[in-house]
Amino acid sequence: MENRLPGDTCEKDWIWEREVETASWDEVRRLSVGAWERQYRRLREGSPFYARKWRDAGVGSSFVSLADLSQLPFTTKQELKDALDDDPPFGSNLCVAQDQVKRVYQTSGTSGSPSVLALTRTDMETWTTMGTRTYYATGIHEHSSVLTTFGAGPFVAGHTHFVLLRIGTRSVPVAPGDTERVVFGLRSGLADTLLATASFAQYLANRMEKEGGGGDWKLSHVVTGGEPGGGIPAIRDHIQRALGVTVTEVMGIGDIAPSLFGECTHQQGMHFCGAGHVWVELIDPETREPMEIETGAEGELVYTTLTREAMPVVRFLGGDIARIEGTTCECGRTSFRQRVIGRRDDMFIVRGVNVYPTAILSIVGDFRPRVTGRARVVRPGPETSIEPPIPIEVEVTERHESDPALIGEIEAAVHSRLMFRSRVELVPESEFGEAGYKTRLTVRR
């Protein structure tokens, strides 16, 4: 079965790099083994950070194969940040001469000073290659007109513009949070595809329902990224119904690549699109023991860059908890498919059971139109374990801000499906916070 959006009569292949994306597992592994052998030598010879890290971990000087990757220690975001501080501006993990660094991105720095991501020309091309596989998988083709709300400033999400140029789409860039310009662009017929966070797509869906629809706009496809949500049925179904679109999802991680996973139009999870350039492991979030990437498995995603030149990373703890949805697909791609069920940092424990806020979003979405679909868990402190009732803030439309019946219904649904008591507070849209970009799923007060 083809991988095309409704109405797409494009005669081009719906898989961008068919030879790689439909390769057998043995062939992908062969490509990866060769790339890892070269990468290991580069790290041993050029990265003081990893030379010291592996020495401290008791790893000998002999070669560690891809099959034995679990013998090497994990890398954390804090360690990479410390490496930058050790030898500014690019850190002790820079494996090329500084004059080979041709692009520098910065992280948002929400938890402190920004981190730096240095790329060579080859690194930029690799990012574009993986990104093109990712967005092409979602159904974006040369004939698409794409309005993107992903910022092109210092952040890696801006690399999406290079990807759209490679595919050959018409691109309509709009700054994050510039809601009125987005609405104008869509109503003017400038784009048939929107790239946005799930939060913004929900906001737009709610707004169009209030205003009676988008008129004659051409929007038919929404690609969500930057946060979980586009794959949650209650959120996806609402966006599709309210906007008359097909929703697919993408995902990347700044320290590895801005685009790594893309969901095809079968909407059954995001395909891994980094074959040959990135190696992915799945580990138990608690024991950190390796797990098989097989249908139904749930664990934390761990990444090793196989071809990055400037700042390679090995066994990077991504923090995303994913469920493997399958290892084949009707679209023809042979990479595994996954859906993120939450962030390790957002997880909390209620009487011995791990809970992710995305599970609460799934429940809250069933109460539209009285709610907008956004919600967050209030964490009373740094403790992972929380005693019920769990405080939950739910964004509601203005006329439902004082609705004790709604509170009771949501609390009952949470108790029925998640087996713990909650204390729901209804927060009007005017007070919940900006919907233009990401929604924090947990807040600490």
Side-chain angles (χ1 to χ4, degrees), residues 20 23-84 86-87 90-97 100 117-120 122-123 126-127 130 253 255-257 260 272 274-294 297 299-320 322 324 327 335-336 338 344:
V20 175
S24 68
W25 167 244
D26 288 341
E27 177 62 17
V28 171
R29 187 174 184 85
R30 188 188 66 78
L31 284 172
S32 302
V33 164
W36 169 246
E37 289 175 356
R38 293 185 291 273
Q39 186 73 296
Y40 190 84
R41 286 197 299 273
R42 178 186 292 119
L43 286 159
R44 276 291 191 189
E45 297 167 7
S47 173
F49 169 74
Y50 275 109
R52 181 174 64 248
K53 181 177 175 62
W54 292 345
R55 185 175 62 248
D56 292 347
V59 179
S61 57
S62 58
F63 173 69
V64 177
S65 70
L66 193 65
D68 295 324
L69 201 62
S70 59
Q71 294 180 8
L72 296 175
F74 296 109
T75 302
T76 67
K77 194 174 187 71
Q78 186 58 51
E79 286 178 315
L80 295 179
K81 205 171 179 59
D82 292 343
L84 285 170
D86 287 344
D87 187 15
F90 299 119
S92 57
N93 189 35
L94 185 68
C95 292
V96 298
Q100 291 185 49
L117 297 165
L119 304 176
T120 65
T122 300
D123 292 337
T126 300
W127 274 19
M130 292 188 288
I253 181 165
D255 295 274
I256 307 301
L260 270 176
F272 173 59
H277 297 292
V278 176
W279 186 256
V280 180
E281 298 172 81
L282 192 71
I283 63 168
D284 185 296
E286 296 178 10
T287 67
R288 292 189 170 174
E289 289 298 312
M291 302 174 65
E292 286 292 323
I293 294 180
E294 57 188 4
E300 181 173 353
L301 296 169
V302 176
Y303 306 93
T304 296
T305 57
L306 300 174
T307 58
R308 184 186 288 180
E309 295 179 339
M311 299 171 110
V313 293
V314 178
R315 305 200 79 204
F316 179 78
L317 291 165
D320 290 305
I324 306 303
T327 53
S335 58
F336 71 89
Q338 59 89 2
R344 177 172 18 94

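Everything numeric in this text was worked out from a predicted model, so none of it was measured.
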A23 and V28 have their tightest heavy-atom pair at CB-CG2, 3.9 Å
Calculate, to the nearest 0.5 Å, the distance between atoms NZ and OG belonging to K53 and S47 respectively.
10.5 Å
Closest contact, heavy atoms only, P73 versus A57:
CG-CB, 3.9 Å
Got a donor-acceptor contact below 3.5 angstrom from the E27 side chain to the S24 backbone?
no
Would you say the side chain of V59 lies within less than 4.5 Å of the side chain of V64, judging by non-hydrogen atoms?
yes
The reported gap from OG1 in T305 to CH2 in W279 (rounded to nearest 0.5 angstrom) is 14.0 Å
From CG (L117) to CZ (R308), nearest 0.5 Å:
6.5 Å
Side-chain donor/acceptor of K77 to backbone N/O of F316, under 3.5 Å:
no
From CZ (F336) to CD1 (I293), nearest 0.5 Å:
4.5 Å
Minimum heavy-atom distance between L72 and Y40, given as atom pair plus value
CD1-CE1, 4.5 Å
side-chain contact (heavy atoms from CB on, under 4.5 Å) with F49: of D82, L84, L80, only one passes, and it is L80
Output the distance between atom OG1 (T304) and atom CG (L69), rounded to the nearest 0.5 Å.
4.5 Å
Minimum heavy-atom distance A257-M130, with the two atoms named
CB-CE, 3.6 Å
Please enumerate all residues that pass side-chain contact (heavy atoms from CB on, under 4.5 Å) together with V96, with sequence neighbours excluded.
L94, Q100, V101, T120, E309, A310
Exactly one of R344, R288, R315 clears salt bridge (Lys or Arg N to Asp or Glu O under 4.0 Å) with E300, and that residue is R344
Would you say the side-chain atoms of R42 pair up with the backbone N or O of C95, donor to acceptor, closer than 3.5 Å?
no
Rounded to the nearest 0.5 Å, what separates atom CD in E79 from atom CZ in F74?
11.5 Å
Might you point out which heavy atoms bring L282 and A297 nearest each other, and give the distance in Å?
CD2-CB, 3.8 Å
Check the pair I324, Q338 against side-chain contact (heavy atoms from CB on, under 4.5 Å), reporting the backbone distance first and the verdict last.
CA-CA 4 Å; I324 306 303; Q338 59 89 2; 4.1 Å; yes
Y50: what forms a ring-ring contact (aromatic ring centres under 6.0 Å, His included) with it, not counting sequence neighbours?
W54
Candidate pair L260 and Y303, rule side-chain contact (heavy atoms from CB on, under 4.5 Å), full reasoning:
CA-CA 11 Å; L260 270 176; Y303 306 93; 3.8 Å; yes
What's the verdict on side-chain contact (heavy atoms from CB on, under 4.5 Å) for R52 and D56, showing C-alpha distance, side-chain angles and the deciding distance?
CA-CA 6 Å; R52 181 174 64 248; D56 292 347; 3.6 Å; yes
Tightest non-hydrogen contact, residues A118 and D123, listed as O-OD2, 4.2 Å
Applying side-chain contact (heavy atoms from CB on, under 4.5 Å), run through L317 and I283 and close with a yes or a no.
CA-CA 9 Å; L317 291 165; I283 63 168; 3.7 Å; yes
Test your reading of the model: is there a side-chain donor-acceptor pair from T75 to the backbone of V314, 3.5 Å cut-off?
yes
Looking only at atom types and distance, does a side-chain atom of R38 sit under 3.5 Å from a main-chain N or O of T307, one as donor and one as acceptor?
no
Is a side-chain N or O of D284 found less than 3.5 angstrom from the main chain of T287, in a donor-acceptor match?
yes
